[in-house]
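The structure presented is a predicted model; accordingly, all values stated were derived computationally and were not measured. Both backbone and side-chain heavy atoms feed into the values below; hydrogens, waters and symmetry mates do not.
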Amino acid sequence: MIRSVEEFNRSIKSVMIAEEEIKDRIAQAAKEIDSWYDGTPILLVSILKGAFVFMADICRAVTVPCEIGFMCAQSYYSGTESSGIVNITMDLDRDVTNYHVVIIEDIIDTGRTLNDVVKLLKARNPKSLRIVTLLDKPARRVVKLEPDVALFTIPDKFIIGYGLDYDEYFRNLPYIAEFNQEEL
Ligand code: IMP
Ligand code: MG
């Protein structure tokens, strides 16, 4: 629990990716998404809460007609193994069979949660399924999962801002920063 603005500010170690840099990469990624579908309508799906800021920006940068959907997912693991059990605490409100689905994710870390969500969505037979992630931390991966697009590949550091939290705080920072572990 953050008790003061001083504590909040001390927790922000340094800016890793500035607002302008994020904006530029989003414009490029949106062009890439547009090029995949050539005007065919798509469904952007993001997993709450972390991806909500990225979703808001990417959906306004693509020009293909798109719908948006949100899911809340929690995965359970024993030790280092994925149980493959993903608990959907909030599901999509429509059938994906008629959609080209693009998952809009905040960060792929171990890859476990997204891997389970991908399995689940594939089982529902969408027309196609692609993954766009804002951040990729490949050094931490424990399951084989490759995004179609990663806007930034980052080292194994705990980061905050632009939707990502520590203890539910910092999601509202407009940039991506390294979290100051000394504040833990
Ligand atoms: P995974 O199942 O290990 O890939 O977990 C990914 C989820 O963990 C992300 O969607 C984030 O919510 C969270 N996460 C992973 N790394 C970070 C980080 O550096 N900062 C904040 N949240 C993170
Ligand atoms: Mg997330």
Side-chain angles (χ1 to χ4, degrees), residues 17 21-75 77 82-156 159 161-165 171 176:
I17 309 169
E21 247 182 296
I22 301 174
K23 216 174 140 189
D24 290 350
R25 282 293 290 134
I26 285 181
Q28 290 168 1
K31 280 204 177 115
E32 194 160 353
I33 295 173
D34 285 344
S35 75
W36 293 336
Y37 303 104
D38 193 29
T40 310
I42 59 173
L43 173 65
L44 301 176
V45 173
S46 87
I47 303 154
L48 295 172
K49 301 178 193 167
F52 83 106
V53 178
F54 181 38
M55 174 65 129
D57 283 343
I58 200 100
C59 76
R60 287 179 293 174
V62 295
T63 63
V64 284
C66 76
E67 292 181 43
I68 57 170
F70 294 96
M71 291 173 86
C72 252
Q74 284 173 322
S75 292
Y77 305 99
S82 170
S83 63
I85 299 165
V86 56
N87 183 27
I88 305 295
T89 54
M90 188 185 91
D91 205 344
L92 293 171
D93 55 7
R94 70 210 86 175
D95 181 356
V96 299
T97 44
N98 293 319
Y99 289 95
H100 291 285
V101 174
V102 185
I103 297 178
I104 301 297
E105 179 60 310
D106 54 352
I107 185 166
I108 309 180
D109 188 35
T110 65
R112 287 165 166 159
T113 310
L114 190 58
N115 193 50
D116 287 349
V117 170
V118 164
K119 272 196 236 162
L120 184 129
L121 286 179
K122 275 190 178 159
R124 294 177 181 177
N125 292 312
K127 283 185 172 166
S128 67
L129 183 70
R130 282 191 161 104
I131 302 167
V132 174
T133 186
L134 175 69
L135 301 159
D136 190 6
K137 252 197 239 178
R140 297 250 312 159
R141 200 78 94 253
V142 300
V143 295
K144 199 172 170 292
L145 181 70
E146 286 296 322
D148 294 278
V149 175
L151 277 65
F152 301 96
T153 300
I154 60 164
D156 182 13
I159 50 115
Y162 198 76
L164 289 122
D165 73 306
R171 294 191 195 276
I176 292 162

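- Each of Ile47, Val118, Thr113 was scored for a side-chain contact (heavy atoms from CB on, under 4.5 Å) with Glu105, with one residue passing: Ile47.
- By the 4.5 Å heavy-atom criterion applied to side chains, Phe54 and Ile26 are counted as neighbours.
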Could you check Ile68 against Ile104 for side chain to side chain contact (heavy atoms under 4.5 Å, CB included), going step by step and ending with a plain yes or no?
CA-CA 10 Å; Ile68 57 170; Ile104 301 297; over 6 Å; no
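- Contact between Ile154 and Pro138 at its shortest, heavy atoms only, is O-CD, 4.1 Å.
- Within the structure, ring pair (Phe, Tyr, Trp, His ring centres under 6.0 Å) contacts touching residues 100-147 (residues at least two apart or in different chains) are Tyr37-His100.
- With respect to Thr110, the side-chain contact (heavy atoms from CB on, under 4.5 Å) criterion is satisfied by exactly one of Val142, Asn115, Val143, Leu145: Val142.
- Within the 4.5 Å cutoff, the side chain of Ile159 has heavy atoms near those of the Ile107 side chain.
- For Ala56 against Cys59, the heavy-atom pair with the smallest separation is O-SG, 3.5 Å.
- Distance check: Ile108 CD1 to Leu114 CG gives 5.0 Å after rounding to the nearest 0.5 Å.
- With rounding to the nearest 0.5 Å, the separation of CZ in Phe70 from CG in Asp91 is 14.0 Å.
- Listed here is the closest heavy atom pair of Gly161 and Ile176: O-CG1, 4.3 Å.
- Under the 4.5 Å side-chain criterion, counting only non-hydrogen atoms from C-beta, Trp36 is not in contact with Ile42.
- Judged by distance alone, with hydrogens and angles left aside, the side-chain atoms of Arg25 form a donor-acceptor pair with the main-chain N or O of Leu151 at under 3.5 Å.
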Could you go through Ile58 and Ile33, starting from their C-alpha distance and side-chain angles, then the distance that decides it, and tell me whether this counts as side chain to side chain contact (heavy atoms under 4.5 Å, CB included)?
CA-CA 10 Å; Ile58 200 100; Ile33 295 173; 4.1 Å; yes
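- Within a 6.0 Å sphere centred on CG of Asp38, other residues, nucleotides and ligands contribute 12 heavy atoms or fewer.
- Here the CG atom belonging to Asn125 is positioned 15.5 Å from the OH atom belonging to Tyr99, to the nearest 0.5 angstrom.
- With contacts defined as side-chain heavy-atom distances shorter than 4.5 Å, the pair Lys49/Asp165 does not qualify.
- Salt-bridge check for Arg141 with Asp136: passed, with a basic side-chain N closer than 4.0 Å to an acidic carboxylate O.
- With rounding to the nearest 0.5 Å, the separation of CD1 in Ile17 from OH in Tyr162 is 10.5 Å.
- Ser46 and Ala51 get closest at one heavy-atom pair: CB-CB, 3.9 Å.
- Counting only heavy atoms from C-beta outward, the side chains of Lys127 and Thr40 never approach each other to under 4.5 Å.
- Screening residues 121-152 for ring pair (Phe, Tyr, Trp, His ring centres under 6.0 Å) gives no qualifying pairs among residues at least two apart or on separate chains.
- When atom types are taken as modelled, the side chain of Asp148 and the backbone of Val132 share no donor-acceptor pair closer than 3.5 angstrom.
- Shown here for Ala30 and Val62, the closest heavy-atom pair between the two residues is CB-N, 3.8 Å.
- Going from atom CG of Leu129 over to atom CZ of Arg124 covers 11.5 Å, rounded to the nearest 0.5 Å.
- At a threshold of 4.5 Å between non-hydrogen side-chain atoms, the residues Asp109 and Leu135 do not count as touching.
- Between Arg171 and Asp106, the closest side-chain pair of non-hydrogen atoms is not below 4.5 Å.
- You'll find the side chain of Leu121 reaches within 4.5 Å of the side chain of Met71, heavy atoms only.
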